[in-house]
Structure formats: C-alpha cells, structure tokens
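Encoded as structure tokens, the structure appears first; notes follow it.
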Amino acid sequence: MASLACALRFLLGAFACSAVAVAGSAAFVARQGTQFVLEGSPFLYSGFNSYWMMHVAAEPVERAKVTEVLREAAAGGLTVCRRWAFSDGGDQPLQVSQGKYDERVFQGLDFVIWEAQTRGVRLILSLVNNVKDFGGRAQNVQWARNAGVAVNGEDDFYTNPVVKGYYKNHIQSVDTNQQHHQRSRQRRPNDHGMGTNQRASLSSRLVLENCAC
C-alpha cells in the first residue's frame, strides 16, 4: 500500500495526496503490479487537469461552464479529470479557516462530482497542494503556528501530529459532506447542485489509510 501512495504522489506531481473517485462504475480503479486495472481488465485512459471547476461551480450562474467542459471532454474521449477538493484560506476558500468551511463552495464541489459522474468521467480529487497556491501545506502549518504549535516549516505537514490532524480532519469533512449531499440527492433527485455517490466519499478514506499522514 505504501508503494501505491508513492505512485500517486509521483503521478500527481505538485499535489501531495489525492483521492480517486470513480464515476459510472461500482468498482474502483486498482493496481496490479505496475498497471492500473478496472474490474480485472487493464485501465487505459486519456485525462486532463481542471483545477478551477469547484470555484466556478460555487456560483450557480456559472455552472454551465463546468457542464460544457465535461461534456466536451467526454465527447472527445477524455475519461479522467484531476481537480481540486481543497482551497485553504485566501480568496474564495473551501476551508475558510482551520476546520471551518464555506457551504457554498462545498456545493460547487458536489456539482462537479455529479456532473462528472453523469458523463462517465472519473475524478482524481486532490486534497491538499504541495505548493503555497490556494493554501496547501503552508497554510495548514501556518494555522498550527497561529494556534501556538511549535512548527519549523512546511515539511512539518508530514510529521507534526497537530498538522497531520488538520489534514485528516479535512478528509473527514469532505467525506461527511459528500455523504450528506448524497442523502439530499436521494430526497431531491433533480437537484444537480448538490450530492454525489458514495464512491467519492469512500475514496477519501482510501487516501487517509494509504498516505503518510
């Protein structure tokens, strides 16, 4: 499992850890040796990065832009999208301050996941940034410093128990949010602004178990 975590970090470059959310299938994409597989068969894909979707979808009047990108991606044969499930502090944050979230931005995240699922596009949900843009490791460490925790630098994200706890709590918050909006969608199936399937939240638990956090 440690080798899988390392592979994910290598594949995702600047992003420290990510969750794989599977759309349109009850199975997760898994690993056999050096190969990705889906339901026992080799999983080959073409994908794209689109970090901005959650922020745009946080404004309901702008959501058509997300829908159009995912529609064109699916039509062009792109089946995997890497996008953000974090934004820590700063402008239009998901996590406004440590442990406090903007529900409006969460609804933007829910919308993107739902739209991707309906179009058969699988998602890699990045949960923290390795660089300072949109918060990332640096913001988590700074929140700890502001709380009086003795930290030395950004690498304390991986070792300091308080900062590691912040990250685990973020994963749990994303997980809880997706479960909540899944239930909302079951009650209101035509509301495309909220909700997703359980597989997205389960993938967050997968990262929690496999990353050095």
Side-chain angles (χ1 to χ4, degrees), residues 1-54 57 66-86 106 108-130 167-168 170-183 185-186 189 192 194-213:
M1 301 304 284
S3 61
L4 175 57
C6 293
L8 283 172
R9 293 192 189 99
F10 174 77
L11 288 170
L12 298 176
F15 296 91
C17 291
S18 293
V20 179
V22 180
S25 171
F28 282 95
V29 174
R31 177 183 62 87
Q32 289 182 0
T34 60
Q35 190 172 54
F36 289 116
V37 296
L38 179 63
E39 298 180 323
S41 298
F43 179 68
L44 305 177
Y45 64 92
S46 295
F48 64 105
N49 289 296
S50 193
Y51 78 92
W52 52 268
M53 286 186 174
M54 176 180 68
V66 173
T67 299
E68 181 65 12
V69 167
L70 289 170
R71 184 192 66 78
E72 291 186 359
L78 300 179
T79 57
V80 174
C81 173
R82 187 182 75 176
R83 43 74 42 92
W84 289 358
F86 74 89
F106 251 140
L109 172 62
D110 299 327
F111 177 83
V112 176
I113 294 173
W114 176 255
E115 283 290 305
Q117 180 192 12
T118 60
R119 298 173 194 285
V121 176
R122 292 173 169 83
L123 296 176
I124 300 173
L125 300 179
S126 297
L127 297 170
V128 70
N129 209 352
N130 190 45
Y167 181 53
K168 292 178 181 180
H170 174 62
I171 294 173
Q172 184 61 48
S173 295
V174 173
D175 179 21
T176 301
N177 175 76
Q178 300 309 318
Q179 292 185 54
H180 167 73
H181 288 309
Q182 180 195 24
R183 291 191 294 270
R185 178 164 297 284
Q186 289 170 347
H192 283 210
M194 302 177 69
T196 184
N197 58 66
Q198 183 66 24
R199 292 185 294 276
S201 59
L202 287 175
S203 63
S204 297
R205 295 194 187 98
L206 178 68
V207 168
L208 184 60
E209 293 169 1
N210 286 309
C211 288
C213 54

Task: For Gln32, side-chain contact (heavy atoms from CB on, under 4.5 Å) partners two or more places apart - done: Val37

Considering only distance and modelled atom types, tabulate donor-acceptor pairs under 3.5 Å from the side chains of residues 70-79, sequence neighbours left out.
{"residue": "Arg71", "atom": "NE", "partner": "Glu68", "partner atom": "OE1", "Å": "3.2"}
{"residue": "Arg71", "atom": "NH2", "partner": "Glu68", "partner atom": "OE2", "Å": "2.7"}

Task: Distance-minimising heavy-atom pair for Ala57 and Phe111 - done: CB-CD2, 3.9 Å

- [ ] State the CG-CZ distance between Asp110 and Phe106, to the nearest 0.5 angstrom.
- [x] 7.5 Å

Open item on the list: Test of understanding: with side-chain contact (heavy atoms from CB on, under 4.5 Å), list the residues that count as partners of Ala85, not counting sequence neighbours.
Closed with: Leu109, Leu125, Leu127

Open item on the list: I want to check something: taking the side chain as every heavy atom from C-beta on, are Leu38 and Tyr45 in contact at a cut-off of under 4.5 Å?
Closed with: no

Task: Non-hydrogen side-chain atoms of His170 and Val128 separated by less than 4.5 Å - done: no

Task: Arg83 vs Val66 side-chain heavy atoms within contact, under 4.5 Å - done: no

Task: Distance, nearest 0.5 Å, that separates OH of Tyr51 from OG of Ser126 - done: 13.0 Å

Task: Euclidean distance, Thr67 OG1 relative to Trp114 CH2, rounded to 0.5 Å - done: 12.5 Å

Task: Test side chain to side chain contact (heavy atoms under 4.5 Å, CB included) applied to Val174 and Phe86, step by step - done: CA-CA 9 Å; Val174 173; Phe86 74 89; over 6 Å; no

Open item on the list: Tell me every residue that passes salt bridge (charged side-chain N to carboxylate O under 4.0 Å, His left out) with Arg119, counting only those two or more places apart in sequence or in another chain.
Closed with: Glu115

Open item on the list: To the nearest 0.5 Å, what is the distance between CD on Gln35 and CG on Leu44?
Closed with: 7.0 Å

TODO: Could you list the residues that satisfy side-chain contact (heavy atoms from CB on, under 4.5 Å) with Val69, not counting sequence neighbours?
DONE: Phe48, Trp52, Met53

Task: Inter-residue atom distance Ser50.OG - Arg82.CZ, 0.5 Å rounding - done: 11.0 Å

